[in-house]
Novice: 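Once you've had a glance at the structure underneath, I'll fire off some questions.
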Amino acid sequence: MNRLGDQLLASTASSWAELPGKPAAYPPTPHTHAWGAIQGRPAAFPPSQHRHAIDDVAGLRSLIQELGSISGDPDDTETLAALLVRMGIVEGNVDQLETLAPSLVRTTDERLTDARTPLEHQHAPADVTGLEALLSTLAQGIDAVTPSAWVDLSLVSPWVPYSTTSSSYYSGVRARRTPSGVQIQGMVKGGGENTEICNLPAGMSPEFGGHFAAISNSLPATVFISNTGQIRYLSGGSSTAYVSINLVLPLA
């Protein structure tokens with residue numbers, strides 16, 4: 001081999017490190033790639049949790065300062081107008097405030113108080129959900145614990161009221177419904193033994209008929225009350241003087 005060939009063979013490097021004259025860096029020339037040509041790209045790019053300083057958000061610091069400068073005067077529209085424009089609530093035309101004003105509420109607005117008196121108005125019971133059912137339940141409960149009105153019973157001749165002048169007792173016979181049953185009360189006179197005094201009205205008959213205690217002329221006496229409501233004087237004392245009845249019997 002000639003001398004030139006020997007020199008070429010002697011200068012041939014066997015590794016990257018032995019290669020003479022190689023550059024220290026290989027800056028890429030400006031170029032682009034199609035998005036589809038990029039391999040291994042993620043399907044989404046969710047941001048990681050992070051924070052920003054106030055000055056990282058353009059105009060935020062000055063906007064906060066303007067918020068603090070608004071006075072409580074409803075007529076202070078100059079500062080408010082500039083702020084609304086910057087916040088994008090209204091466009092650059094400040095005259096829009098006249099349209100927007102009715103919907104703006106300040107901390108001094110009397111509409112914000114809980115003490116305002118509502119306008120006088122009425123509602124039908126059906127307008128209040130469940131009210132009618134509640135009233136019905138209450139009425140049934142009241143009926144169950146409240147005595148009904150007294151009912152004056154018609155006397156069968158010759159029985160008559162004991163007196164027409166005394167107010168210390170009930171003269172005649174009356175009855176009413178109570179939570180405990182039917183209450184029968186009164187004083188009569190004039191009849192004889194085993195005679196009918198009167199009859200209870202519908203809905204006030206006792207559950208069971210029987211003989212019950214009474215007072216006749218300060219002596220024990222007996223009356224019979226049937227489960228159909230008939231009241232009879234049986235015997236005892238002196239019925240011509242008076243018969244006093246005061247009983248509470250279970251209702252049918």
Novice: Grab the two heavy atoms, one from Glu132 and one from Pro125, that are nearest each other, plus how far apart they are.
Specialist: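 Taking every non-hydrogen atom into account, CG-CB, 3.9 Å.
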
Novice: Check for a donor-acceptor pair, side chain of Thr178 on one end and backbone N or O of Gly181 on the other, with a separation under 3.5 Å.
Specialist: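 Indeed, once roles are kept as given, a pair shorter than 3.5 Å links the two residues.
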
Novice: Please report the shortest heavy-atom distance between Ala149 and Arg176, naming the atom on each side.
Specialist: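 Reported closest heavy-atom pair: O-CB, 3.6 Å.
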
Novice: Ile215 versus Val243: any side-chain heavy-atom pair under 4.5 Å?
Specialist: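 They are not in side-chain contact.
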
Novice: Decide whether Asp152 and Tyr170 meet the rule of one side-chain donor and one side-chain acceptor closer than 3.5 Å.
Specialist: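 Tyr170 and Asp152 do have a side-chain donor-acceptor pair below 3.5 Å.
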
Novice: Taking it one step at a time, do Leu249 and Ile225 satisfy side-chain contact (heavy atoms from CB on, under 4.5 Å)?
Specialist: CA-CA 10 Å; Leu249 307 177; Ile225 303 176; 3.9 Å; yes

Novice: Answer whether the closest heavy-atom distance between the side chains of Ile245 and Ile197 falls below 4.5 Å.
Specialist: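 Yes, at least one pair of side-chain atoms sits under 4.5 Å.
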
Novice: Do Val188 and Pro161 touch side chain to side chain, with heavy atoms closer than 4.5 Å?
Specialist: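 Of all side-chain heavy-atom pairs linking Pro161 with Val188, none is under 4.5 Å.
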
Novice: Report the C-alpha separation of Ser180 and Val248 in whole Å, then their side-chain angles, then the decisive distance to 0.1 Å, and conclude whether the side-chain contact (heavy atoms from CB on, under 4.5 Å) test is met.
Specialist: CA-CA 7 Å; Ser180 301; Val248 177; 4.0 Å; yes

Novice: State, with a plain yes or no, whether a side-chain heavy atom of Trp150 is found less than 4.5 Å away from one of Gln185.
Specialist: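 Yes, close enough: below the 4.5 Å cut-off.
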
Novice: Please say whether more than 12 non-hydrogen atoms of neighbouring residues, nucleotides or ligands are located less than 6.0 Å from CZ in Phe208.
Specialist: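 No, not enclosed.
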
Novice: Look at the side-chain heavy atoms of Ile, Leu, Val, Met, Phe, Trp and Tyr, link any pair under 4.5 Å apart, and say whether Val173 and Val151 land in one connected group.
Specialist: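 Yes, Val173 and Val151 fall within the same hydrophobic cluster.
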
Novice: Once rounded to the nearest 0.5 Å, what's the spacing between atom NE2 of His211 and atom OG1 of Thr222?
Specialist: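 That separation rounds to 7.0 Å.
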
Novice: If hydrophobic clusters are built from ILVMFWY residues whose side chains come within less than 4.5 Å, do Leu153 and Leu251 share one?
Specialist: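 Hydrophobic grouping puts Leu153 with Leu251.
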
Novice: To the nearest 0.5 angstrom, please state how far the SG atom of Cys198 sits from the CZ atom of Arg174.
Specialist: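 Cys198 SG to Arg174 CZ: 13.0 Å, rounded to 0.5 Å.
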
Novice: Hey, what do you get for CG (Asp56) to NE2 (His50), rounding to the nearest 0.5 Å?
Specialist: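 Output value for this atom pair is 9.0 Å.
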
Novice: Would Lys189 count as a cation-pi partner of Tyr242, with NZ or CZ less than 6.0 Å from the six-membered ring centre and within 45° of the ring normal?
Specialist: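 That pair does not qualify as a cation-pi contact.
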
Novice: Decide if the gap between the ring center of Tyr233 and the ring center of Phe224 is smaller than 6.0 angstrom.
Specialist: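 Ring-ring flag for Tyr233/Phe224: false, centres at least 6.0 Å apart.
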
Novice: To the nearest 0.5 Å, what is the distance between CZ (Arg177) and OG1 (Thr146)?
Specialist: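 It is 12.5 Å, given to the nearest 0.5 Å.
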
Novice: Among all residues two or more places apart in sequence or in another chain, which pass the ring pair (Phe, Tyr, Trp, His ring centres under 6.0 Å) test with Phe212?
Specialist: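 None.
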
Novice: Is a side-chain donor or acceptor of Ser226 paired with a backbone partner of Gln230 at a separation under 3.5 angstrom?
Specialist: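 Pair found, side chain donor or acceptor close to backbone of Gln230.
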
Novice: Which heavy atom of Ser148 sits nearest to which heavy atom of Met204, and what is that distance?
Specialist: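 Answer, listing the atom of Ser148 first, then Met204: OG-CE, 4.2 Å.
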
Novice: What's the separation between atom CE in Met187 and atom OG in Ser244, rounded to the nearest 0.5 Å?
Specialist: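 Result: 5.0 Å between the selected atoms.
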
Novice: State whether a side-chain donor-acceptor pair under 3.5 Å links Ser238 with Thr240.
Specialist: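 There is such a pair between these side chains.
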
Novice: Taking all atoms of both residues into account, what is the closest heavy-atom pair of Pro158 and Gly191, and its distance?
Specialist: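 It is CG-CA, 4.0 Å.
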
Novice: Using a 3.5 Å distance criterion without hydrogens, assess whether the side chain of Thr137 forms a donor-acceptor pair with backbone atoms of Ala133.
Specialist: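 Yes: the side chain of Thr137 pairs with the backbone of Ala133.
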
Novice: Scan Val156, Asn194, Val223 and name whichever one has a side chain to side chain contact (heavy atoms under 4.5 Å, CB included) with Arg232.
Specialist: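 Per the side chain to side chain contact (heavy atoms under 4.5 Å, CB included) rule, the option paired with Arg232 is Asn194, out of Val156, Asn194, Val223.
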
Novice: Ser216 and Ala221: which non-hydrogen atoms are nearest, and at how many Å?
Specialist: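 Nearest heavy atoms, Ser216 then Ala221: CB-CB, 3.6 Å.
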
